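First the structure, in the form of C-alpha cells, and then the observations on it.
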Amino acid sequence: MPDNGGIRKKVQPEKWYDRPAVRGLHPSLFAVGSRQPARLFGVFPEIATIVAECNDLTQLPQPAYLALEYPVQLRGVWQQSQGFRIFPPFFLLRSLSVDAATKRSQEGMRGMAHTEWDRMGRKELYHRLQLHQFQAYDWMLYTDMHPHSREGLRRFQEHNEEARQLRETFARRYRPIDQWDDQWPVRSEVDVEG
Amino acid sequence: MWYYEAKFEHPVKVNHSDPRLAKLLLAQYGGPQGECAAALRYLDQRYAMSDFDKRTAGLLTDIGTEEMAHLEILGELYHQLVEGVSLHELKEAGLAGNYVEFGTNPFYINESGQPWTAGYISATGDPLADVHEDIAAEEKARAVYEHLIDLTDDPDVKDTLQFLWSREIVHSRRFREAAQHLDEVLHERRSIVIGGPVSRTNRYVHYEHKPESDRP
C-alpha cells in the first residue's frame with residue numbers, strides 16, 4: 001500500500017448530477033441547499049416552491065413591473081415538468097422547446113421595438129431601459145452562481161438584448177445614455193416629459 | 001474596466017424635503033454597514049477569491065459594482081432630501097456641521113459624524129471566511145434599511161429604500177449559494193503544510209485530483 005501520509009483516498013462514486021444528461025438541467029429542478037434529486041415528477045406547487053427558493057425576488061414586494069415577469073417563469077417550469085412526466089426523452093424535447101421559445105421571444109421583442117417604442121416619450125423610454133437593464137443585471141447575478149441554467153441564461157439574454165435595442169433607440173432620438181451631459185442627475189429624465 | 005452610464009439603477013425621487021432623514025441615511029452612505037463599505041469589500045475580496053473559485057469571484061465583481069450604483073442612489077437621495085431646506089431646518093436636524101464642511105453634498109461619514117474607515121472592511125483572503133463575512137454584511141445592511149424605512153413616511157423615499165432593501169436580500173441569497181458552492185469545491189478539507197511553499201493550495205487540497213506524490 002503506498003504511503004500517503006496516513007490519508008486514505010476516498011473513492012467518490014459517480015454522482016448522478018455529474019452525468020452529461022443531467023448537467024444541463026435548470027437548477028430549479030433541484031432541491032435548494034443540497035444536491036438531492038429534484039422532484040422531477042413533482043407537481044406544480046412543489047416546483048413553484050423550489051423556484052421561489054432559487055430566486056428570492058418571487059417572495060419580495062417588488063415594483064409592479066417585476067410582478068409581471070416571474071409568473072411566466074413559473075409557468076414555464078410547470079410546463080417542463082408536465083412534459084417530463086409524459087415524454088421519457090425529456091432532455092431533448094426540453095432543449096428544443098427552450099430554443100424555440102427563445103427565438104419566438106426575441107422575434108416578438110424586435111417587432112415590438114418598432115411599434116411600441118416609437119410611441120413612447122423620453123420618460124417612458126428611459127424607464128423601460130431602466131427596467132430591462134435592472135432585470136438583465138439581476139439575471140446576471142443568478143447566472144453567476146448557476147452557470148448551467150439554460151433558463152437563467154435565456155432570461156438574461158432576453159433582457160440584455162432588449163436593453164441594448166432600447167439604448168440604441170434612446171441614443172438615436174435623444175443622446176447616448178453613457179454620454180455625460182448637463183442633464184445629469186437623472187431627475188430631469190423623470191420629471192420632464194419627452 | 002468600468003463604464004459609467006448617466007442613469008440610476010432605480011428612480012430616485014422624494015415627495016418632500018426631510019433633513020432629519022437625510023442625516024440618518026448617512027448610515028448607509030458612509031457607515032460600517034453602508035454601501036461604500038460593501039462595494040469596496042467585495043471588489044477587494046475578489047482577487048484572492050479568483051484563485052479558489054472563478055464563479056464566486058465573478059459574483060463579487062458584479063455585486064460590488066451594483067453596490068456602487070446603490071451608493072450613487074443614496075447620495076442623490078440625500079441631496080434631494082436637503083435641497084431647498086432653510087438653514088434653520090438644517091440646524092434643527094443636526095446637519096449644521098455637515099453644511100459647514102460639505103454644503104448639501106453627502107460625505108463618507110456615518111449618521112453620527114464618524115468618518116468612513118477601511119476598518120469597516122474585512123477581507124482575509126480565505127474564501128470561506130470572506131463569503132460568510134459577505135453574507136453577514138448583507139444581512140446587517142438589510143436590517144439598517146428596515147430601520148430607515150420605519151423612520152420615514154415619504155412614499156417615494158420608502159419605494160427607493162425598499163428597492164435597496166430587496167437587493168440586499170438577493171445579494172445575501174447569492175452569497176449563500178456561493179458559500180454552498182465553495183463547500184462543494186473545497187470539500188471542506190483543510191491541511192496545514194509545515195515547511196511547504198506559501199501558496200494558495202496549502203490550505204485547501206483537492207486530494208482526488210492530485211497525484212499521490214504531491215499529497216502531504
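Here the structure is a predicted model, which means the values were calculated and not measured. Chain naming here is simple, since letters A, B, ... match the order of the sequence lines and numbering starts at 1 in each.
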Atom pair CD/CG of B/Glu177 and A/Asp144 - distance to nearest 0.5 Å: 10.5 Å
Donor-acceptor pair between B/Glu9 and A/Gln133 side chains, under 3.5 angstrom: no
Test item: B/Arg167 and A/Phe134 side chains (from C-beta on) under 4.5 Å apart, heavy atoms: yes
OH/B/Tyr99: more than 12 non-hydrogen atoms of other groups inside 6.0 Å: no
Nearest heavy atoms of B/Arg55 and A/Met145, plus distance in Å: NH1-O, 3.5 Å
Closest heavy-atom pair and its distance - B/Pro11, A/His127: CG-CE1, 3.8 Å
Residues of residues 57-67 of chain B with any heavy atom under 4.5 Å of a heavy atom in chain A: B/Gly58, B/Leu59, B/Asp62, B/Ile63, B/Thr65, B/Glu66
Over all atoms of both residues, closest heavy-atom pair of B/Arg174 and A/Leu141: CD-O, 3.6 Å
